[in-house]
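One structure below.
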Amino acid sequence: MGDILNVSHLTKRFSGLVAVDDLSLTVKERQIHTLIGPNGAGKSTTINLITGVLKGDTGTITFAGKDISAMPTHKIAQLGLGRTFQNIKLFGAMSVIENLMVGAHKNTSQGIVNFLWNTKRAKDEEEKMRAHAEQILKQIDMYSHKDDMVNELPYGLRKMTELGRTLMIDPKMILLDEPAAGLNPSERQEFIQHLKDVYDSGIDLFLIEHNMDVVMSISHYITVINFGAKIAEGEPKEVVNNPEVIKAYLGSRFKAE
Amino acid sequence: MKSRKNIISIVCLIAAVILPWLFNSTYYLSLFGQTLINIIIVFGLNFITGLTRNMNLGTAGIMAVGAYTSALLSTRLGLSPWIGLVAAILVGFLIGRGLGYPSLRISGVYLSLTTIAFGEIVRLVLNNTTSVTGGAQGLTNVPVFSIFGIQIQRGIPFYYFLLLFMLLMFWLSTRIVRSKWGRAFKAISDNPDAAESLGIDIAKIKILAFTLAAIYAALGGALYGNLMGYLNPSTFNFDFSINFVIMLMIGGIGIVRGNIIGAIVVTMLPELLRFLGDYYQLVFYTIAFIGAIKLPQGWPAGIASLAKWIARKTGLKSRKEG
Amino acid sequence: MKKKVLGLLLAVSMTVSLAACGGAGTDTTTDTSTADTSTDSAETSAPASDVLRIGVAAGITGNAPLEGERMQQALEMALEQYNESDGSIKIELDVQDTQGTTAGALNAVQRCISDGCQVILGPHGSTLVLAVGDTVDAAQVPFISGGTSPNLLDQFEYLYTCRTNDTYAAAIGAQACVESLNATNVGIFYCSDDYGSGGMTVASEYFEEQGIPYSAEAYNTGDTDVSGQILSLMNSGADCLFVWANGVDLAMISRTMYQLGCELPIVSSSSVAVQQYIDLCEPEWLEGWYGVGEYVESSDREAVQQYAADFLEYTGETGELFGATYYGAFQAVIQAVELGGGIDSASIKDGLSQIQGLEVVLGTYNCDDQNNLMHECSLIQMELTTADDGSSVVAPVVLEQLSVDY
Amino acid sequence: MLNTILQLAVSGAALGFVYALVGIEYSLIWNATGLLNFSHDKIITLGAYVAAGLFFTKMGLPIPVSFILSIVVMILVGFLMATVVLNPLRKMTTIFTIMGTILFGKMIYELIRLLYGSAPFTVPGLMTGTVHIGSLVIAKSNVYIIVIAVIVVAALQIFMQTTKTGKAMRCVQQNKKASELMGINVKQNIRITAAISSVICLIIGFMVIPLYTVSLSMASMIGLKGFAAGVVGGFGFLPGCIVGGIVVGLIESASVLVIPSVYKDAVAFLVLIIFLLIKPTGILGKKS
């Protein structure tokens, strides 16, 4: 069981402010890993570095054995690193199933010229995409909303649509940016259950989250960062009782008894 | 529901087929020919300005290059207009890629300035390379197409030729818009970050949109040369490019069927308003202006929602009485 | 649901716009159905009515609206005067706007043809004539235009030109440089549009024949600064300038030449003799310019004085070249109907070909075998005189009236 | 030869200041509303027609009176443009903002043609004559344009720094939401900006009459070139427009020495494209 994602000595400065400070972490296959830390600890900068939106000053990132530190975002995604967004980025002008089918774009092989005259192959590929999307919609029981326009759906269903769309690129690992944000407790439970199903289907998960009961209920391994640097790592139970972590979260006034 | 839509399409097709027999003076035939060519060009423009929301105000420039490439090949080198068409496609492909790259770095107003500058440069170059393009004197007797030796005369035969061409391009662009390509165009304009996170290479898709549009425009240019029989650089000016965007807006941005309606309305309207004498340009631009502000979703959709609104109003009243 | 409505609208708008298009009356009363039953090839246009319908393809809108406006005014005046003086033929003017573009000109001309016009005046400008020529030839409708570019000569069977062709006018100008100003090195400055480049080609050929070195500089319509071009011409060692430009740019060109202290003698195209454009310039800018004059308001010919007075009274505007050109064309049509013996296109065409010695504003029409009616122009020079209120005024003075058959 | 080069430089720079003024007038609207006013060349033409056509020719008023009255008319035109075009368009996508202003320009063009006819005319004796600097010559109106351009930029800077409306304009420029919260009536502020821009258009239109005479297409070329000046100098940055204008003017007139003069305009458009691709913020522009 090798590691799927390896970040070593990653640093990123924004004109003086050190957003990510010599961070190293490893995400093992078949192990749900969560990155936690107080607000402004550098979590979203880390995601942007991993997904290629930002380029690190130093350090390397490897995913599924390949060095992706200098790779553009769409190439990293093509390697199988899916992601969801904190503030759900969907294609408003399209229906749910169309959103998902955009996800399948990278897996299709037909070029534009072939598409124009080879109508049979075009039709087959379209059907294949549609079937794949419907199968995933059934998996996340969103099939009934197949043709609804995305911007007319409630928040919870939009989150599910985004998850479904990420699944469409057959990811090896999905990077979830604060999945629990904006969900009420019952929606949260349901969403976590779906995440577990996704994990069971063989896809690794790497969460960025600061809602502790979500973290505790799903994570196998936790890394804690504060001011861009790693301050603790390990099993959820160990990490929660680690005085450094408590101090970082609750501030120095609450000394560990 | 599906069958009703097909009936309407068939009705339109029949209308298009019997049209030249109803109005067969050269004036109407040339007008219908111009409309069909405008429809083809607006199909292309729909990919850039319609789906990827990039503003292209240089369509006339692309059309001019396509027209002159095809016309010069057939008049100077005596090649058949069919080779001219293929050459226009190639030229359109090259321009598409050329114009596509700026759209990666800049967008919105800046991109529109680039396309305007491109259009002006093309017109100036064509106007002043007199030895090659005939310059301001223009290029005369551009030949007509012939299939297996039979010449397609300008007039009714050429109208049907253009009609077939338009239907082919309509079929292609409907297929593209309804396919993964159409979705990709909409995706990168709606939310580029999300599209990138799904493995879509935004640069490739943007350039594809520009290339498709440029090929449609160059093809339209070549056909325009054959329809008119005479080309002059002064025709392809800034106003020409604007008209295509007006057609797109009136028909409804991103709607392929809307492109057809937009092109018909904008090409026919000035001729319809001729009876206004001196004022018809002012009236035409005022209508287009009000349309731009009040009916951004396009006139058909605007009228449809108006119809629904009236239906709801009248429906409400009748329910109250009933 | 939206798709279905769109389809419906497509059908409705297509058929409605076309039905309306067919029925929409043009500003002259035409019989309702314009759908000719004849086959599209030999398009005989004249419905059997006794009305002579003169089509007018004028650039009312677009980038050169002045020509269109003056054309329309002069022809309306000519019709009014004809109805008062003679009126034996019932005449209607069918004015269509060419929008100053090739596509617009084609639409306008085809509109006139489908309205059943037996003769068409315009479109003005060689580019537009080249664009519509084949269509009008196919419709076998004679059309008279003021286009002067050399490549209009024997290009279209039904085209008659009513202004001296550049081959002749530009040649007169070039001749003036060489003979009257004995130039040894000429600098040509021309507008890059069809008019300017036409004049330049003729002049450069003439200078080559005469073995006189020349250099050429051009500017584009709408150019805002020509000092660069004029400076390079002044430095080119030219001892005479040949300027072939449109009237609107005359002010900019003459101002720049005056400011840069260009002392070289100048021979200009006919726009220098048109009062409209002279008014745009300060008198001292144009002092001493030679020019090829077609319409010279100060000319002592009675027809010119009469036209200038009538036009001022009818429109309140000063008479000028475009109006005078088509005023003459109208008279040519009247004479052609008499000579040809009928108001149908064929007789008008025969009539036009027989026109000899018809006195008009620009000179006398003599139709040659290339269907050119006008062979005259005058060599003029701009003379600076002080008006009675002490201010200086510049006006063209006719040096000699020249005519030749080419 | 040196004299020619110097003369070209002088004419180029003089022309550059015309482009600079054009750059200033549309930058005001660009900063205030984020809209590029594609109808600006028609408003310049309208300014010239109102001053020279309506007041001077038709009503026979002396030049200074005509100019003052035209300022009032152009302020109203500015208000009209803001209410009918700018404010409604502000919230729409780029395609509609561009097309809205283009079509508004077309409407103005046709209105002018219908009201004033299409014959070009001029204002005799308006800023005619030239100024000689050694052997170099520069039209008097160009000298005025240079002076006016500098005054306008200085006046605008002072107006924006000191006066209440001026400061409000800067707030609206940066953040409309915040300005509204601070009690600035954004719509009214945009109307004032549009009015100022229209008055500058009048100044340009009036100043170029001796150079280009009053005609329907007098401002179309300087309109497009004004965009080039803005992009080269720094879009929306007023002093940048002057630098940009001069650079474009100089490059244009210098090109006559190198390539056939007919491609002079094409050179200016090429410069526009190159700057748009390499440095869209322009020479002096800040990163927007």
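Note that these values count all heavy atoms, side chains included, but never hydrogens, waters or copies made by symmetry. The chains referred to below are lettered A, B, ... by the order of the sequence lines, with proteins before strands, and numbering in each begins at 1.
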Top contributor to chain D contacts, counting heavy-atom pairs under 4.5 Å, from C/Gln276, C/Glu320, C/Glu284, C/Glu282: C/Glu282
Top of C/Val248, C/Val226, C/Asp223 for chain D proximity - count of heavy-atom pairs under 4.5 angstrom: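 Heavy-atom pairs under 4.5 Å are most numerous for C/Asp223.
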What part of [X] is in contact with chain D, defined as an atom under 4.5 angstrom from a non-hydrogen atom: side chain, backbone, both or neither?
| X | result |
| --- | --- |
| C/Gln259 | both |
| C/Thr61 | both |
| C/Asn235 | side chain |

Intermediate values then yes/no, side-chain contact (heavy atoms from CB on, under 4.5 Å), D/Thr213 and C/Met252: CA-CA 8 Å; D/Thr213 71; C/Met252 178 177 63; over 6 Å; no
Does a side-chain heavy-atom distance below 4.5 Å link [X] with [Y]?
| X | Y | value |
| --- | --- | --- |
| C/Gln229 | D/Val262 | no |
| C/Leu231 | D/Leu8 | yes |
| D/Val137 | C/Leu260 | yes |
| C/Asn220 | D/Lys264 | no |

Identify the two heavy atoms, one from [X] and one from [Y], that lie closest to each other, and give their separation to 0.1 Å.
| X | Y | answer |
| --- | --- | --- |
| C/Leu66 | D/Pro120 | CD2-CD, 4.0 Å |
| C/Arg70 | D/Ala119 | NH2-CB, 3.5 Å |
| D/Ser261 | C/Ala218 | OG-O, 3.0 Å |
| D/Ser11 | C/Asp225 | CB-OD2, 4.1 Å |

What is the distance from atom [atom1] of [X] to atom [atom2] of [Y], rounded to the nearest 0.5 Å?
| X | Y | atom1 | atom2 | answer |
| --- | --- | --- | --- | --- |
| D/Thr128 | C/Trp285 | OG1 | CH2 | 7.5 Å |
| D/Tyr212 | C/Leu280 | OH | CG | 15.5 Å |
| C/Arg255 | D/Leu211 | CZ | CG | 4.5 Å |

Side-chain donor-acceptor contact under 3.5 Å, C/Glu69 with D/Ser118: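 Side chains of C/Glu69 and D/Ser118: pair found under 3.5 Å.
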Intermediate values then yes/no, side-chain contact (heavy atoms from CB on, under 4.5 Å), C/Asp279 and D/Thr122: CA-CA 8 Å; C/Asp279 296 343; D/Thr122 187; over 6 Å; no
Chain C contact via D/Thr130 - side chain, backbone, both or neither, heavy atoms under 4.5 Å: side chain
Chain C contact via D/Pro210 - side chain, backbone, both or neither, heavy atoms under 4.5 Å: backbone
Choice from D/Pro260, D/Ala139, D/Ser253 maximising heavy atom contacts with chain C below 4.5 Å: D/Ala139
